[in-house]
Amino acid sequence: MKKLLSILGAVTIMASSGTVIACSSNVKRFEKPDITTELYNKVIAGLKNDSGLSWTQGQGFDSLDFKEILLKMINEEISKQYVDSQQTDLYAKLGLQASSKLTSDQIMNRIVSDELFNEYTASLTKGSDNASFDNNVRNKYKLNPFNLDLGENGVDKNANNYTVWFNDKVDGTGTWKRWQTSYEFGRQAITTNVPTMALMSDQSNKNFAVMIGGNDNTDNVQWDESKAILKNLSASEILQYRFQDYFTSSIRPKYYDNLLAASYINGRIYKSPSTSSDLSRKMVAFDTSSELAKTVQTWNSDVRKMTSKVMMVWNFSVNNKKADKEAAQKALNGIINNNGALNTNKSVTDVWEALEKTGDKNNNSKAGLDPYFNLTGFNGFVKPDGETLSSISGNLILKDDAKAALAKNTYNDRPLVLTNNGNGYSSDTDNNVDFILAVPIYMQDLLNSSDSQITKTGQDYSMQARKNSWVSLSDKFINNSYETFDWSAEVTKLNGLEVAKIGNAPYFKLTDDTGSFRIGDKTVTVTANDSMNSFELVDKLDESALKQLPGATKDDTLTYNVSITGTKDPYQNADYYMNWNDTRKQSLDITNLDSKKKQTLLSQLQFIASKEDQAIDNAKTVLYKEYLSEDGIKYQGLYDAISKYIKDSEDTTD
């Protein structure tokens, strides 16, 4: 029972904590709650008549708190089942096993992790006390992780004795320190050890870990790598363990309605146009008519006419002194052009690195870090709203003059830096002015596959691939070129890889760190890279695919790029991306994000789409109906999951 009451408590805590949820004021709540009430009443009637639940003897089921948490449980479980069924169906159509398929819990964690990362890093910019966030959370929630290794009895095998650690140097050569605030572990542990902004902001930093034990009441506790239960975690990843109670009890519960809508939206992102059982004809295409596609940007057969509806925005606060402002403006020479647009070979990191060498040598913004590029001053995701901007996710602290300038700028459809001719804009930081950076988001950049296409350098051809993963060559093109290969011709392996054909469609699998194949009079060199930037779906082949692909083994995977054109034709895809690059709207920063961060950004965009008018209503209308159908098959699975959770909660004596 304590387990269930703790969940009910989380609802009360959430309601009383005063946490501000960043969402559009235009979001309409479910105005016709009939279908919600109908499903709730059906579940509650079953629970009240369930003889296996001792709580049915009391009035607990009739409390408002329980109704609220039960509706959240319904949304969470339906999201879980819907995402699972949609992902399983998609992977089956592609000849994949679906062992790496996305889950609703991953969608939720990505959304919540982004919020926690920004919230925590913002606290590091607001004063000298880097432990302020830890201490504030500690007043209401437990610190450090729990339930990381549960036994069959539901009890943690390590008695929830876990501590969080970090290496105090980015390159890993420093000292491992236990993350702690003063007296957190007892009166003898008086030192405060928390990571600096520099450690949190370095993209390559993987020096965070969780160790079993180490909660001694002393400052001299030692790091023991042999007891590490989680290692090589990033700054963004570690926060959900350090603040696990806050993460699960306060942030997650706010988003269960959005999770339902985001899960529904997730099921409509991709399509597999071919119904043929022939593996060589299968492909993954992005559905440009989906809710996500319409939320992110406009669509047109002419890529020049497409505009983004979602921007990422940062502010760099510069000391309001003439010399500092002039130095900051001068530092941007060669990075932006006269209209503020980012030069095509420059990145947002170049902007921040240049500005951080001037004035105070750092960004004085009160905003935190973004979880994608780890840049300070992140204001979140915004959208144009008439002659200004409105926040759709995050903490928008730009002043009105900056918002108006960005909303009205002719070039706000591309990566852009606004400096107001070096004078800056009003700032939330006293005695400072703000320079503004905006990166519009386009699905063309997020789904870009150039990293896995062929590159021509002089007369040499090369590409990258994952080891032991089959790759179809039928849709491969040469980056930034109209030159094409005749993939119906014979493809011959030279070294380090295997080649197979299904009909006229050639495939290869890289078996060594490097390999090569020949087609006609051209040789293509392939280099292994298991962490490419291309947005891909990868999984082991299922039985039907294994039978079709000569030489494939049960341990091999198959890699699919996601086509934004809806075709496998390499010439059309090459032409599309060359036209897109010519628009100067492309963001190399988003294009070059690693695949894991691209997946996280995609989940954030799903969350943003879930805030659109009627998004939650539409999801409930479609998905709730499936659980109210006469056959009752889906409903029974939903009821069984909820009743089991409540029964387990009654039996828990923790």
Check: Got a salt bridge between R252 and E76, using NZ or NE/NH1/NH2 to carboxylate O under 4.0 Å?
Finding: yes
Notebook entry, point to check: Is the F435-F316 ring centre distance short of 6.0 angstrom?
Noted result: no
Next item on the list: Taking only Lys NZ, Arg NE, NH1 and NH2, and the carboxylate oxygens of Asp or Glu, determine whether K403 and E387 approach each other closer than 4.0 Å.
Entry: no
Next item on the list: Could you name each residue pair satisfying ring-ring contact (aromatic ring centres under 6.0 Å, His included) that touches residues 377-423, not counting sequence neighbours?
Entry: W314-F378, F378-F381
Notebook entry, point to check: If every non-hydrogen atom of S347 is compared with every non-hydrogen atom of D589, which pair is closest and at what distance?
Noted result: CB-OD1, 2.9 Å
Checklist line | Q444 side chain vs Q586 backbone, donor-acceptor pair below 3.5 Å | finding: no
Item checked: Residue from L230, N215, D156 passing side-chain contact (heavy atoms from CB on, under 4.5 Å) with Y162 -> D156
Note to self: Is a donor from one side chain sitting under 3.5 angstrom from an acceptor on the other, for N75 and D257?
What the structure shows: yes
Item checked: Qualifying residues under side-chain contact (heavy atoms from CB on, under 4.5 Å), relative to A189, sequence neighbours excluded -> R178, Q180, F185, N217, D219
Next item on the list: May I ask you to say whether K309 pairs ionically with E612, meaning some side-chain N is under 4.0 Å from a carboxylate O?
Entry: no
Next item on the list: Before accepting this row, confirm whether a basic side-chain N of the pair E356/K361 lies closer than 4.0 Å to the acidic partner's carboxylate O.
Entry: no
Next item on the list: Mind checking side-chain contact (heavy atoms from CB on, under 4.5 Å) for S390 and listing every partner two or more places apart, or none if nothing turns up?
Entry: K383, D385
Notebook entry, point to check: Within the side chain of S587, is there an N or O that forms a donor-acceptor pair under 3.5 Å with the backbone of I441?
Noted result: no
Check: Is there a donor-acceptor contact under 3.5 Å from the side chain of N479 to the main chain of S450?
Finding: yes
Notebook entry, point to check: Does D594 reach the main-chain N or O of N592 with its side chain, forming a donor-acceptor pair under 3.5 Å?
Noted result: no
Check: Between the side chains of D105 and T103, does any donor sit under 3.5 Å from an acceptor?
Finding: no
Notebook entry, point to check: Taking the six-membered ring for Trp, are the ring centroids of F286 and Y270 within less than 6.0 Å of each other?
Noted result: no
Checklist line | Side-chain (K325) to main-chain (N320) donor-acceptor, under 3.5 angstrom | finding: no
Next item on the list: Check whether the ring centres of F247 and Y141 lie less than 6.0 Å apart, and answer yes or no.
Entry: no
Notebook entry, point to check: Is there a donor-acceptor pair under 3.5 Å between the side chain of S534 and the backbone N or O of S452?
Noted result: yes
Note to self: Under a 3.5 Å distance rule, please check whether Y246 uses its side chain to pair with a backbone N or O of L143 as donor and acceptor.
What the structure shows: no
Note to self: Please report whether the ring centroid of F373 lies less than 6.0 Å from that of W352.
What the structure shows: no
Notebook entry, point to check: If only atom types and distance count, is the side chain of R466 paired as donor or acceptor with the main-chain N or O of D530 below 3.5 Å?
Noted result: yes
Checklist line | All ring-ring contact (aromatic ring centres under 6.0 Å, His included) counterparts of Y256, not counting sequence neighbours | finding: none
Next item on the list: Evaluate the criterion salt bridge (Lys or Arg N to Asp or Glu O under 4.0 Å) for residue pair K140 and D245; output intermediate values, then yes/no.
Entry: CA-CA 9 Å; K140 290 185 179 181; D245 191 25; over 6 Å; no
Next item on the list: Any pair with a residue in residues 419-437 that passes salt bridge (Lys or Arg N to Asp or Glu O under 4.0 Å), sequence neighbours left out, goes on the list, sorted by first then second residue, please.
Entry: K399-D428
Check: Under 3.5 Å, is there a donor-acceptor pair linking the side chains of S201 and N374?
Finding: no
Notebook entry, point to check: side-chain contact (heavy atoms from CB on, under 4.5 Å) with T429: which residues, sequence neighbours excluded?
Noted result: S317, N364, K366, S427, N432
Check: Does any donor atom in the side chain of Q606 or S610 lie under 3.5 Å from an acceptor atom in the other side chain?
Finding: no
Item checked: Ion pair E237/K596, N-O distance below 4.0 Å -> yes
Note to self: Are W165 and W176, when compared by the centres of their aromatic rings, separated by less than 6.0 Å?
What the structure shows: no
